[in-house]
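Below, all heavy atoms of this structure are taken into account, side chains as well, without hydrogens, waters or symmetry copies.
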Amino acid sequence: DVGTNNQEYLDDDLYLGLHQKRITGDDYYEFVDEFVSSANALFPNVLIQFEDFLTPRAYTLMHRYKNQVLSFNDDIQGTAGVALAGVYASTRLSNIRFSDLRILFLGAGSAATGIADLLCYALQKEGLSEQQARARLWFVDKRGLLVSSRKDYREHNIPYLQSTPFMSFPETIDHFQPHILIGATGTPGSFYEDIIRKMSDINQRPAIFALSNPTSHAECTAEQAYKWSEGRAIFASGSPFDEVVIDDKIFKPGQGNNAYVFPGIGLAAVACNAKRINDDMFLVAAKSLASQVSEHDLQQGALYPPLKNIRELSVNIAYSVIEYAYQNDIAQLHPKPEDIVSYLNEYMYDPAY
């Protein structure tokens with residue numbers, strides 16, 4: 001507990017946290033260092049999952065520990081894995097090769113740039129250079145396109161700064177002609193009607209990812225995306241939306257929930273006593289998740305499999321990640337289990353009493 005900057009809480013005798021302003025600077029990082037070192041000393045091989053750390057601290061802490069201890073940041077890496085899986089699945093509807101995609105982000109915080117970093121890595125795995133991959137990933141924030149002539153960007157934005165003239169959000173869509181629009185703004189209504197219609201004019205099947213949570217903060221609703229695109233949008237959201245009926249066709253949009261990825265990643269890492277969690281593991285997890293989306297799911301508008309199957313999905317993801325870990329000398333559990341799926345099913349927590 002590092003305190004709060006909320007004065008109302010500080011003045012409330014019933015507030016259970018420390019009654020002080022949040023610590024900052026070196027003191028903050030020394031505090032986290034002490035926690036991480038203590039946790040590893042007390043619980044050898046512990047997996048530390050960072051959650052809800054604000055930008056830029058989230059990036060600083062992720063890079064500080066990713067090669068030191070078994071850890072990952074779910075808001076950055078978990079969100080990226082789920083989004084990448086949805087992008088993979090969307091290509092089965094749009095019939096556009098993954099390596100040919102142009103993707104525009106609205107919002108340039110840690111979640112959005114985390115998604116872009118994994119997408120960039122995945123595009124390079126498809127044969128693109130880093131420069132070519134980054135050229136397919138553009139960012140717009142509340143002011144407009146992130147360009148090198150601006151001075152109000154953060155360090156994690158630097159790789160994605162464009163050398164083009166500054167443009168507004170609509171102008172960027174007209175110029176860049178994106179196949180996919182990904183929102184991570186926390187601002188409802190950011191994907192307004194003209195934006196969805198522009199995307200629909202450019203694409204036969206525009207992909208719209210309104211990832212902000214909760215539902216009240218989504219960039220647009222499922223109904224808006226389908227209605228304004230005349231039923232052609234490929235839609236995914238960070239929060240659940242009810243089914244939508246357009247011209248007698250029923251759409252059941254999929255929810256890009258981090259719960260699809262982080263349990264499988266965590267299960268794999270702990271079950272095989274992994275040395276570290278790297279970007280390839282999230283790439284493997286995304287591919288595994290995308291492969292579990294059925295044709296029936298896709299035809300109903302869902303880019304993700306039913307969340308009710310999360311235990312089975314998690315085992316399948318963990319299996320793929322463990323196989324990768326053994327192939328790349330990251331797993332420290334020896335000998336390797338003969339039947340990894342059975343081993344995982346036995347290892348998983350069973351909530352029945």
Side-chain angles (χ1 to χ4, degrees), residues 55-56 58-59 62 73 75-91 94 96-150 152-185 190-191 195 198-199 202-203 206-212 219 234 236 238 256 279-280 282-283 286-287 290 303:
T55 306
Y59 264 93
M62 181 182 73
N73 183 296
D75 302 301
I76 297 174
Q77 296 166 289
T79 300
V82 173
L84 176 58
V87 171
Y88 278 142
S90 75
T91 62
S94 67
I96 298 172
R97 288 194 312 173
F98 177 75
S99 58
D100 290 336
L101 290 173
R102 292 186 300 276
I103 301 172
L104 178 62
F105 293 84
L106 182 62
S110 59
T113 48
I115 295 169
D117 288 345
L118 190 60
L119 281 166
C120 182
Y121 188 65
L123 287 167
Q124 289 178 75
K125 290 287 187 178
E126 296 287 325
L128 276 66
S129 68
E130 182 177 354
Q131 184 178 6
Q132 289 172 326
R134 293 195 188 282
R136 297 183 179 277
L137 306 168
W138 285 30
F139 280 84
V140 169
D141 65 7
K142 60 185 178 182
R143 285 192 55 203
L145 180 64
L146 281 183
V147 292
S148 53
S149 59
R150 288 176 55 175
D152 58 343
Y153 51 79
R154 291 179 170 176
E155 186 176 356
H156 63 269
N157 301 136
I158 293 174
Y160 300 101
L161 298 177
Q162 301 301 319
S163 57
T164 63
F166 176 79
M167 305 176 202
S168 66
F169 182 27
E171 289 171 339
T172 302
I173 293 178
D174 291 336
H175 178 82
F176 185 48
Q177 302 273 296
H179 303 106
I180 296 176
L181 188 57
I182 297 179
T185 64
S190 301
F191 294 167
I195 294 298
K198 277 181 180 291
M199 289 293 295
I202 295 167
N203 302 283
I208 309 296
F209 286 67
L211 299 183
S212 292
E219 286 74 18
I234 302 168
D279 291 339
D280 279 304
F282 286 95
L283 195 61
K287 288 183 176 180
L303 297 181

Worksheet item: Does any N or O in the side chain of Y153 come within less than 3.5 Å of the main-chain N or O of S148, such that one atom is a donor and the other an acceptor?
Response: no
- Tell me, with the steps shown, if E219 and L181 meet side chain to side chain contact (heavy atoms under 4.5 Å, CB included). CA-CA 11 Å; E219 286 74 18; L181 188 57; over 6 Å; no
In terms of heavy-atom contacts, L118 and D279 come closest through CD1-O, 3.9 Å
Distance-only, no hydrogens or angles: does the N203 side chain make a donor-acceptor pair with backbone N or O of P178 under 3.5 Å? yes
Rounded to the nearest 0.5 Å, the CD atom of Q124 sits from the OG atom of S99 at a distance of 13.0 Å
Spell out, as yes or no, whether a donor-acceptor pair under 3.5 Å connects the side chain of Q77 to the backbone of D75.
-> no
- Task: Return yes when atom CD of Q177 has more than 12 non-hydrogen atoms of other residues, nucleotides or ligands closer than 6.0 Å, and no otherwise.
- Result: yes
Next on the checklist: Can you tell me how the ring of F105 sits relative to the ring of F139, calling it parallel under 30°, perpendicular over 60° and tilted otherwise?
Outcome noted: parallel
Only residue of I103, L211, L137 satisfying side-chain contact (heavy atoms from CB on, under 4.5 Å) with I115 is L211
CD1 of I158 to OG1 of T113, rounded to nearest 0.5 Å, is 11.5 Å
Heavy atoms, side chains only, cut-off 4.5 Å: are F282 and L84 in contact?
no
Review point. Does A108 offer a backbone N or O that forms a donor-acceptor pair with the side chain of N157 under 3.5 Å?
Key: yes
- Ignoring hydrogens and geometry, is there a side-chain-to-backbone donor-acceptor pair from Y88 to F98 under 3.5 Å? no
Check this for me: does any side-chain nitrogen of one of R150 and D141 sit under 4.0 Å from a carboxylate oxygen of the other? yes
Taking every heavy atom of T185 against every heavy atom of S190, the minimum-distance pair comes out as OG1-OG, 3.5 Å
CZ of R136 to NE2 of H179, rounded to nearest 0.5 Å, is 8.5 Å
Nearest heavy-atom approach of L283 to A122 is CD1-CB, 3.4 Å
Mutual orientation of the aromatic rings belonging to F176 and W138 [parallel < 30°, tilted 30-60°, perpendicular > 60°]: parallel
L161 and V147 have their tightest heavy-atom pair at CD2-O, 3.9 Å
Heavy-atom nearest pair, E155 first then P159, reads O-CD, 3.9 Å
Rounded to the nearest 0.5 Å, the SG atom of C120 sits from the CD atom of Q131 at a distance of 11.0 Å
Once you measure the plane-to-plane angle for F191 and F169, does it fall in the parallel (<30°), tilted (30-60°) or perpendicular (>60°) bin? tilted
Inset, instruction - Could you go through the side chain to side chain donor-acceptor pair (under 3.5 Å) check for N73 and Y59 one step at a time? - result: CA-CA 8 Å; N73 183 296; Y59 264 93; over 6 Å; no
When rounded to the nearest 0.5 Å, the distance separating OG of S212 from CD1 of I182 is 11.5 Å
For P206 and M199, the nearest pair of non-hydrogen atoms, with its separation, is CB-O, 3.6 Å
Value for CG (L146) from CE (M167), rounded to nearest 0.5 Å, stands at 12.5 Å
